[in-house]
Colleague: 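Okay, here's the structure, questions in a sec.
As a basis for the values below, the full set of heavy atoms in this structure was taken, side chains included, without hydrogen atoms, waters or symmetry mates. Numbers for residues simply follow the sequence, beginning at 1. When a ligand or atom number is given, it counts from 1 through the structure's own listing order.
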Amino acid sequence: MAEKVGDLSGDEREQRVAELKRKMQEAAHKKAQAAPAEQKPVAATVAAPVAASAPVAVAVAEAPVAVATVAEPAADIVTPVDSPVAAVATPTAAVAQPTAAPRPPAARTEAVAAPVEVEGKGINRREFLTYAWGAALGLLTLEAGVGTFMFLYPRFRAGEFGGDFIQDTNKFGDKDAAPNPEPSGKFWQVTTAEGQHKALYMVCVHLGCLYKWVPANNRFECPCHGSKYTHDGFYIEGPATRSLDTFEVTDEGDKVVVHTGKKIVGAPASESPARAPTV
Ligand code: FES
């Protein structure tokens, strides 16, 4: 290089000049290629925040050609906004939206599941309905039971069989008087040899026939199987196994109250004072 061009021969001078031209053209070509690269710092400045917020922007930054393509619309967006960072953040958010889009279905699932729970009870709708039906059925059964009991429970009024009969004392007569029937109360009114007022139930204690007073024999006789009872209702003979049943009576001065709801079972036939002697 220390040689001067003027010292070279004709061919060497031409080669040297051609070499210098070629180097100058290469230098000019490199400079021309380097010219677009001078914009690189600008693109890098814009791409840097994008890369920090979105992986997509990183891919763009690694490809210079793609940066030029993306940077131009980004510059258009930047125009109304003073800060390029904000301009880049806008498309980034647009890219992020599809990721958040599936959330609404999840919210609907929670909204459907929420009514199933009954707040503060700790039971679900099915259990609540089961308990409600059980309680309603139990209440209905209870009401039906009470209604049936009240319908079947015997209620007697005074003057009706099963209730109280207020009779004059003279209806019982004296100890020698014939028994006096009271059909509505289903009892015979008698006065015993001891002067006690008795109300004899009209139904035979054998099998339930209605016995009759036979004045000729001065006793009661049952037409069904022949059981016989005294004027005071004691067993004499026949298939019956006890004396006649009676109703409870209360002496109230000139009145005798017969309680037809309170029956007194007759004493066994073996204890009857009028029992016929066996042969
Ligand atoms: Fe009176 Fe049989 S029913 S004796």
Colleague: Strictly under 6.0 Å, is that where the ring centroids of Y201 and W188 end up?
Modeller: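 When the ring centroids of Y201 and W188 are compared, they turn out to be at least 6.0 Å apart.
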
Colleague: Verify whether one side chain among T141 and E143 offers a donor that lies under 3.5 Å from an acceptor in the other.
Modeller: no

Colleague: Given the side-chain rings of F165 and F187, with only the six-membered ring counted for Trp, is the space between their centroids under 6.0 Å?
Modeller: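 F165 vs F187: aromatic centres under 6.0 Å.
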
Colleague: Is a salt bridge present between K30 and E26, judged by a nitrogen-to-oxygen distance below 4.0 Å?
Modeller: no

Colleague: How about CG on L129, more than 12 heavy atoms from neighbouring residues, nucleotides or ligands closer than 6.0 Å, or not?
Modeller: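 Yes.
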
Colleague: What are the protein N, O or S atoms, given as residue plus atom name, that sit under 2.8 Å from atom 1 (Fe) of ligand 1?
Modeller: C204 SG, C222 SG

Colleague: When you measure from the SG of C224 to the SG of C209, is the result less than 2.5 Å?
Modeller: yes

